[in-house]
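Report on the structure given below.
In what follows, every chain begins at residue 1, and chains take the letters A, B, ... in the order their sequences are listed. The analysis underlying the following values was restricted to heavy atoms, covering all of them including side chains, and did not include hydrogens, waters or symmetry mates.
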Protein chains: 2
Amino acid sequence: MNNSFIDKAVIFCEQNKHRLTLPRLNVLKIIHSSAKPIKAYDILKKLSIIIRNPHPPTAYRAIEFWKRHKFIHRIESLNAYCTCKSDHLHSGGQFLICNDCGTVIESHLCNFPEVFKNAIKKKMFTLSNWNLEINGTCKKCS
Amino acid sequence: MNNSFIDKAVIFCEQNKHRLTLPRLNVLKIIHSSAKPIKAYDILKKLSIIIRNPHPPTAYRAIEFWKRHKFIHRIESLNAYCTCKSDHLHSGGQFLICNDCGTVIESHLCNFPEVFKNAIKKKMFTLSNWNLEINGTCKKCS
DNA sequence: TTCAAACTGTAACATTATAACATTTTAATA
DNA sequence: TATTAAAATGTTATAATGTTACAGTTTGAA
Ligand SMILES: [Zn+2]
Ligand SMILES: [Zn+2]
Ligand SMILES: [Zn+2]
Ligand SMILES: [Zn+2]
């Protein structure tokens, strides 16, 4: 396991005076060490190895914390969570979801494409955040 | 209420020999007549005015039917359903979701932007379907 | 050392979705 | 027209996902 991601989170908490508590640290480690996006109740199950009989809010609060601070993403169509694979923090994202094996690849683009900018301009809509989920077949499965 | 959408669905069922049953027709009407995307259990509640004591599968099956045949979309981040506002059937979609009033505007683009095509080509990923949910502020709320 | 803010523990509950199996409807066909 | 199989619904139960509310603890600053 590459720990530089966890290190970044540790540093982030130090610098921003957020408490890096046992549930927070372990929830992040669990999500980070999962090959595929992991569901809240599976996080909770894994958490129970470390923390005695944790309840849903324990997992959800930590999830919410890391999501708020952009260390993790929620894959909406899967109700599952994964760590950010981009080299910088951002919200929203683009995810390639393999219909066969369930693998999710994050393909982060910093800029919102022009064609969409035009589309929302037409609707007089002000962008705050965008999330793209692409289904298809991954390299391995095709 | 503009019924041409419902008419299209009626014709679709006739032409494809799908049964346009009471639950199906009414679920579609309920979704279509809702100003904003509507949740499954709210559909169920409205359905209970027409059908005596309907149970979740009744709503979910009809939802699944119309979704499969591309008459409705599911807004993943809202767990809610809306009829397709494009003039032709398609899957996936782009949705502008107002953070203030909850209004959802469908802004359908037929073509997947080049920049994304390139991104998935790089990952050797084969596209089948894409769904974009954009959060922000609508015209009325800004 | 007091205090308030941030955070966690715990119990209960709310919301969203599906499984499993019986029954009914429909239309084709024997 | 009786038989039949597929498509669809009815019904019961349960699974999966997420939140509220309130009590208790930890932390660091006044
Ligand atoms: Zn990311
Ligand atoms: Zn795959
Ligand atoms: Zn559409
Ligand atoms: Zn609005």
Side-chain angles (χ1 to χ4, degrees), chain A residues 9-10 12-31 34 36-69 71-82 102, chain B residues 9-10 12-31 34 36-69 71-82 102:
Chain A
V10 172
F12 167 82
C13 285
E14 278 171 4
Q15 290 183 343
N16 293 275
K17 309 210 176 186
H18 295 302
R19 294 186 209 161
L20 188 51
T21 58
L22 209 62
R24 285 182 180 172
L25 179 59
N26 284 292
V27 163
L28 190 64
K29 282 184 178 174
I30 288 164
I31 298 172
S34 174
K36 293 173 189 175
I38 184 170
K39 286 164 170 273
Y41 276 75
D42 292 331
I43 294 171
L44 195 57
K45 215 176 294 167
K46 294 215 171 195
L47 200 56
S48 72
I49 297 167
I50 297 149
I51 293 172
R52 205 187 76 90
N53 191 24
H55 294 267
T58 299
Y60 280 104
R61 282 167 184 157
I63 288 166
E64 154 61 19
F65 175 81
W66 293 118
K67 187 162 155 35
R68 182 156 30 96
H69 296 299
F71 281 81
I72 66 174
H73 297 295
R74 180 174 203 270
I75 313 299
E76 298 289 350
S77 62
L78 301 175
N79 298 337
Y81 306 87
C82 62
Chain B
V10 172
F12 168 82
C13 285
E14 278 171 5
Q15 290 185 341
N16 293 273
K17 309 209 177 187
H18 294 304
R19 294 187 210 160
L20 188 51
T21 57
L22 210 62
R24 285 183 180 171
L25 179 59
N26 284 293
V27 164
L28 190 64
K29 281 184 178 172
I30 288 164
I31 298 171
S34 173
K36 293 174 188 175
I38 184 169
K39 285 162 170 275
Y41 276 75
D42 291 330
I43 293 170
L44 195 58
K45 213 176 294 167
K46 294 214 170 192
L47 200 56
S48 72
I49 296 166
I50 298 149
I51 293 172
R52 203 187 76 90
N53 192 25
H55 294 271
T58 299
Y60 279 104
R61 283 168 183 156
I63 288 167
E64 154 60 19
F65 175 82
W66 294 117
K67 188 163 155 33
R68 181 156 31 94
H69 295 299
F71 280 81
I72 66 173
H73 297 294
R74 179 174 204 271
I75 312 299
E76 298 289 351
S77 63
L78 301 175
N79 299 335
Y81 306 87
C82 63

Examine C:dT8: is either OP1 or OP2 under 4.0 Å from a nitrogen or oxygen in the side chain of A:Thr58? Give yes or no.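 Indeed not, no polar side-chain atom of A:Thr58 lies that close.
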It should be established whether A:Lys39 places a side-chain nitrogen or oxygen under 4.0 Å from OP1 or OP2 of nucleotide D:dT17. yes
A:Pro23 side chain, from C-beta outward: closest of D:dT11, D:dT9, C:dT8: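 Taking heavy atoms from C-beta onward, the closest nucleotide is C:dT8.
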Checking contacts here: which listed nucleotide (D:dT17, C:dC7, C:dT10) is nearest the side-chain heavy atoms of A:Thr21?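 Output: C:dC7.
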How many whole angstroms separate atom [atom1] of [X] from atom [atom2] of [N]?
X	N	atom1	atom2	result
A:His55	D:dA23	NE2	C1'	14 Å
B:Leu22	D:dT9	CG	P	10 Å
B:Ile50	D:dT9	CD1	P	15 Å
A:Lys45	D:dA15	NZ	P	13 Å
A:Leu20	C:dA6	CG	P	17 Å
A:Glu64	D:dT20	CD	P	11 Å
A:Asn53	C:dG9	CG	P	11 Å
B:Asn26	D:dA8	CG	P	17 Å

Check every strand shown and say whether B:Pro54 touches a base, only sugar-phosphate, or nothing at a heavy-atom separation below 4.0 Å.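 Result for B:Pro54 = nothing.
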List every contact pair, protein side and nucleotides 22-30 of chain C side both N or O, where the distance is under 3.5 Å.
residue, atom, partner, partner atom, Å
C:dT25, O2, B:Arg19, NH1, 3.3

Considering all heavy atoms, the nearest [X]-[Y] contact:
X	Y	value
A:Ile72	A:Ile63	CD1-O, 3.4 Å
B:Pro23	B:Ala62	O-CB, 4.0 Å
A:Glu76	B:Ser77	OE1-CA, 3.6 Å

Quick one: list whatever passes side chain to side chain donor-acceptor pair (under 3.5 Å) with B:Thr21, sequence neighbours left out. none
Can you list the residues that meet the side chain to side chain donor-acceptor pair (under 3.5 Å) rule with A:Arg68, with sequence neighbours excluded?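 Result, side chain to side chain donor-acceptor pair (under 3.5 Å) vs A:Arg68: A:Glu64.
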Quick check, does A:Tyr60 stack with D:dT19? I mean ring centres under 5.5 Å and planes off by under 30°.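 Not stacked by the 5.5 Å and 30° rule.
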Taking for each residue the nucleotide of DNA chain D bearing the nearest heavy atom, is the 5' side occupied by B:Phe65 or by A:Pro57?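 First, find each residue's nearest nucleotide; the 5'-ward one identifies B:Phe65.
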So which of A:Lys45, A:Lys39, A:Lys46 actually passes salt bridge (charged side-chain N to carboxylate O under 4.0 Å, His left out) with A:Asp42? A:Lys45
Parallel, tilted or perpendicular: which describes the rings of B:Phe71 and B:Trp66, with under 30° parallel and over 60° perpendicular? perpendicular
